[in-house]
Amino acid sequence: MSVITRFAPSPTGHLHIGGARTAIFSWLLARQSGGTFLLRIEDTDTVRSDASMTEGILASMTWLGLDWDGEPIYQSQRFDIYNDYIDTLMATGNAYWCSCTPDEVEAMREKARAEGRKPKYDGCCRERGLGPGPGRVVRLRAPLAGATLVNDFIKGPISFENTELDDMVLRRSDNTPTYNLAVVVDDSTMGVTHVIRGDDHVNNTPRQILIYNALGLPLPAFGHVPMILGADKKKLSKRHGATAVFEYQSEGILPEAMLNCLVRLGWSHGDQELFTREELLKSFSIDHLGISASVFDREKLLWLNQHYIKECPLERLRALLAPFLAARNLPEASAGYMDGFLPMLQPRSRTLVELAEQAEIFLAPDDALPMDPAAVAKFLTAEVKPHLAALAEIFATVTPFAHAELEAAAKAYLETNELKFKAIAQPLRVALTGRTASPGLFETMEALGKEKALARLARV
RNA sequence: GUCCCCAUCGUCUAGCCUGGUCCAGGACGACGGCCUUUCACGCCGUUAACAGGGGUUCAAAUCCCCUUGGGGACGCCA
C-alpha cells in the first residue's frame, strides 16, 4: 500500500521550526517511498485564521523544498462534508444535541477540578433526546468505560481510560465543525496512512480514535514527534529568539542548512551529521526517530550554515546573496568581479548577512568605503604613510596584478628598507578595506583589481 | 489538581528493543595548540554524561519498580 502523509498547519501564525520539522518527517516518509504528501490548511476557526499566514506557510515550505502533491486542501471549504458526517453520527445514535452553555460547562470543569478529577463535561444532555436549537452543540456519545489504545509508531503503545475522555463537541453552536471531527473526516477521506504530528496532539488521538470507531472507519497509523524546546527547556516561544522559519531565511540561513539542522533534531543515522536531500530520502527511517524532547541549538545551525555556504556553487551563492546586498545598499557588480572575492568570504561567513557585510569591502565605492576610525587612528600613522605611498607606486608597476606578484614586490620593498611584514600588513589592510580583519592582503588586492586597489591606497 | 509522555557530556545524539565488545562513541560549543600578515578556514588535542534509589542477573546505560526532575494535554483553539 502506498504511503500517504499530510502536513496540516493552522493559519493562525507563521510556520514554526517545530511544525517545519514534522512537515519534513512527513515529507520524507512519503517521498522516500514514492508516496503522496498532502497539504491541508486547518482553518475551521474562521475568526483566528488569516489568509496571509497561509501564504507565508506555503512560502516557507517551498523555501525548505518541501513540495506537496495537488492543491492545498482548505477545511473552510469542506464544511458540508463535515456536516454530513456529523449527521451520520447523529443518525446512528453516536452523537446528541446538548444545550449546556459554555458557562455551565466551565462550572462542571471547575467542580471536577476542585474534587481532584479531570475537568470535563459531565454528559448531562446525553439522554435528554434534545433536537437542534439556538446555542446548541452536537456532542459525541463517547464510551463510558473501557480504554482506548493509541498504537504510536514513534512512542509505542499508549493507553487512555475512556473515563478520562468526555463527550467532545463535534459541531459548534454556529454550525461549524470542531478540529477533532474535521481532522478525522479529512484524514480518512484523503486516505492518509501515516499521521505524523507534534507531541502536543497525543491527547487528541484517543478522542479521534473514538470518532473513527463511531464512524466505523479504519484507523491510520499515528506517530507523535517530541517537542522542540528553548535553551531553558521550556516550550519554544518568542523570548527564545527566532522561532519562525522565515526569520531564519531573512537571517541568511540556507534552506539546506535549516533542513539538515531540523531533521537531526530528534532523528539520527548513526554518527552522520551532514545530509544531502538525496541522502535523507535514502536514510530516513521512522525507526530512528527519538522519543524525548530536544533543545534547538542555534550554534549548530550556524555551523551547518557555514558548511553549506562554503560548499555553495558561486552562481547560486550570487543569487542567494543578492537580496542581502541590496539590503545594505551595495551596488551590483559583474559576476566575474563577484567570483573574484566570494570564495575568500565563504569560509568567513556563517550567514548570508555576514557574507554581505564582508562583501562591502569589495563592493562599496572607493570614496564611500566605511573606514573604522579606531583602525585608522591606530594603523594609518604618519610614520607608515610614506611606506604606503611608496608601495602604491611599486604596485602600480606590477604585472600581472596578481597576489603572488604583488606579494613578491611588497617583500622586496620591505627587504630593502629593512622592515618587518607586520609593520605594514595592518596599515595596508586598513587602507585597502577600512578594517582590521579581511581576507589575505594580496588576494584582496587582486580581487579588488588594480584600479580600485590603487585608488584606495591613494586616499590615505 | 487529573491524565499522558520523557530522562546518556552545556546542546544534538550513538548505544537501549536482541544485557557482556561502553572505565560509554560522534557532532556543535567551550578551552588549548599548530598554521599565520589580520580575521577566518583547516588540522591536532583537552574538557564533559548513563538523574537518584531499589531490584532481576554471573553481568545493566541497556530489563522491571519507585522517587525526583522535565515536558505536554485537559476549550463551542488547532
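Heavy atoms only: backbone and side chains are in, while hydrogens, waters and symmetry mates are out. Chain identifiers are assigned alphabetically (A, B, ...) following the order of the sequence lines, protein sequences preceding nucleic acid strands; residue numbering begins at 1 within each chain. All values reported here derive from a predicted model rather than from experimental measurement.
The partner of B/G69 is B/C6, judged by Watson-Crick or G-U wobble contacts that both fall below 3.5 Å. Summarising the base pairing, B/U62 is matched to no nucleotide, lacking a Watson-Crick or G-U wobble pair whose two defining distances lie under 3.5 Å. Pair assignment for B/U57: none, as no Watson-Crick or G-U wobble contacts are both less than 3.5 Å. Using N1 to N3 plus N6-O4 or O6-N4 for Watson-Crick, or N1-O2 and O6-N3 for G-U wobble, each under 3.5 Å, B/A27 pairs with B/U11. With both pairing distances under 3.5 Å, B/G1 is matched to B/C74 as a Watson-Crick or G-U wobble pair. Judged by Watson-Crick or G-U wobble contacts below 3.5 Å, the nucleotide B/G19 has no partner. Taking a pair to require two hydrogen-bonding distances under 3.5 Å in either a Watson-Crick or a G-U wobble arrangement, B/U36 remains unpaired.
Going from the P atom of B/C41 to that of B/G32 covers 15 Å, rounded to whole Å. Nucleotides B/G10 and B/C4, compared at atom C1', are 29 Å apart to the nearest Å. Straight-line distance between the C1' atoms of B/A14 and B/U8: roughly 10 Å, to the nearest whole Å.
Counting any heavy atom pair closer than 4.0 Å across all strands shown, A/G198 reaches no nucleic acid atom. Residue contacts shown for A/R171 are absent, as no nucleic acid heavy atom lies under 4.0 Å away. Using a 4.0 Å heavy-atom distance criterion, A/S159 is classed as a sugar-phosphate-only contact. Among the protein residues, A/T44 comes within range of the sugar-phosphate backbone only, with heavy atoms under 4.0 Å from sugar or phosphate atoms but none that close to a base. Within the nucleic acid shown, A/H224 has no heavy atom closer than 4.0 Å to any nucleic acid atom. Residue-level contact check: A/I291 touches the backbone only, with heavy atoms under 4.0 Å from sugar-phosphate atoms and none from bases. Residue A/P439 is in base contact, counting any heavy-atom pair closer than 4.0 Å across all strands shown. At the heavy-atom level, A/Q272 lies nowhere under 4.0 Å from the strands shown.
Residues A/A8 and A/R6 share a closest heavy-atom pair of CB-NH1, 3.7 Å.
Toward the 5' end of RNA chain B, the nearer of the two residues A/L441 and A/R113, judged by each one's closest nucleotide, is A/R113. Judged by closest nucleotide on RNA chain B, A/E299 is the one of A/E299 and A/V137 placed further toward the 5' end.
Between A/R48 and the phosphate of B/A78, there is no side-chain N or O to OP1/OP2 separation shorter than 4.0 Å. Residue A/K120 places none of its side-chain N or O atoms closer than 4.0 Å to OP1 or OP2 of B/G75.
In this structure, A/F275 has its ring center under 6.0 Å from that of A/W267.
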Please write out each protein N/O paired with an N/O of nucleotides 9-15 of chain B under 3.5 Å, distance rounded to 0.1 Å.
unit_1: B/U11; atom_1: OP1; unit_2: A/K233; atom_2: NZ; d: 3.1
unit_1: B/C12; atom_1: OP1; unit_2: A/V295; atom_2: N; d: 2.7
unit_1: B/C12; atom_1: O2'; unit_2: A/R264; atom_2: O; d: 3.1
unit_1: B/C12; atom_1: O2; unit_2: A/K300; atom_2: NZ; d: 3.4
unit_1: B/U13; atom_1: OP1; unit_2: A/G266; atom_2: N; d: 2.3
unit_1: B/U13; atom_1: OP1; unit_2: A/S294; atom_2: OG; d: 3.4
unit_1: B/U13; atom_1: O3'; unit_2: A/S268; atom_2: OG; d: 3.3
unit_1: B/A14; atom_1: OP1; unit_2: A/S268; atom_2: OG; d: 2.8

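Residue A/P102 places its side chain closer to B/C76 than to any other of B/C3, B/C76, B/A78. Minimum atom distance to the side chain of A/L229 is reached by B/G71, of the listed B/U37, B/G71, B/C76. When each of B/G29, B/C76, B/A78 is scored by its nearest atom to the side-chain atoms of A/W303, the top-ranked nucleotide is B/G29.
For the pair A/R139 and A/Y121, the cation sits on the ring face: its NZ or CZ lies under 6.0 Å from the ring centre, inside 45° of the axis.
In this structure, CE of A/M227 is placed 8 Å from P of B/G72, rounded to the nearest angstrom.
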### Query
When you look at A/D43 and A/S76, which way does the side chain to side chain donor-acceptor pair (under 3.5 Å) test go after all the steps?
CA-CA 6 Å; A/D43 54 354; A/S76 58; 2.8 Å; yes
### Query
Checking side chain to side chain donor-acceptor pair (under 3.5 Å) for the pair A/T176/A/D174: CA distance, chi angles, key distance, verdict?
CA-CA 6 Å; A/T176 58; A/D174 65 357; 2.6 Å; yes
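Between A/R350 and A/E251 no salt bridge is recorded (no basic side-chain N to carboxylate O distance below 4.0 Å).
The closest side-chain heavy-atom distance from A/M445 to A/L432 is below 4.5 Å.
Ring pair A/F284/A/F25 is parallel by interplanar angle, where below 30° counts as parallel and above 60° as perpendicular.
Looking at A/R348, its side chain comes within 3.5 Å of the base of B/C39 through a donor and an acceptor atom. A donor-acceptor contact under 3.5 Å links the side chain of A/N204 to the base of B/A78. A donor N or O paired with an acceptor N or O is found under 3.5 Å between the base of B/U37 and the side-chain atoms of A/R429. For B/C76, its base never sits under 3.5 Å from the side chain of A/T178 at any donor and acceptor pair.
Each side-chain hydrogen bond (donor to acceptor under 3.5 Å, both in side chains) pair with one or both residues in residues 416-431 of chain A, not counting sequence neighbours, appears once here: A/Q426-A/R429, A/R429-A/S438.
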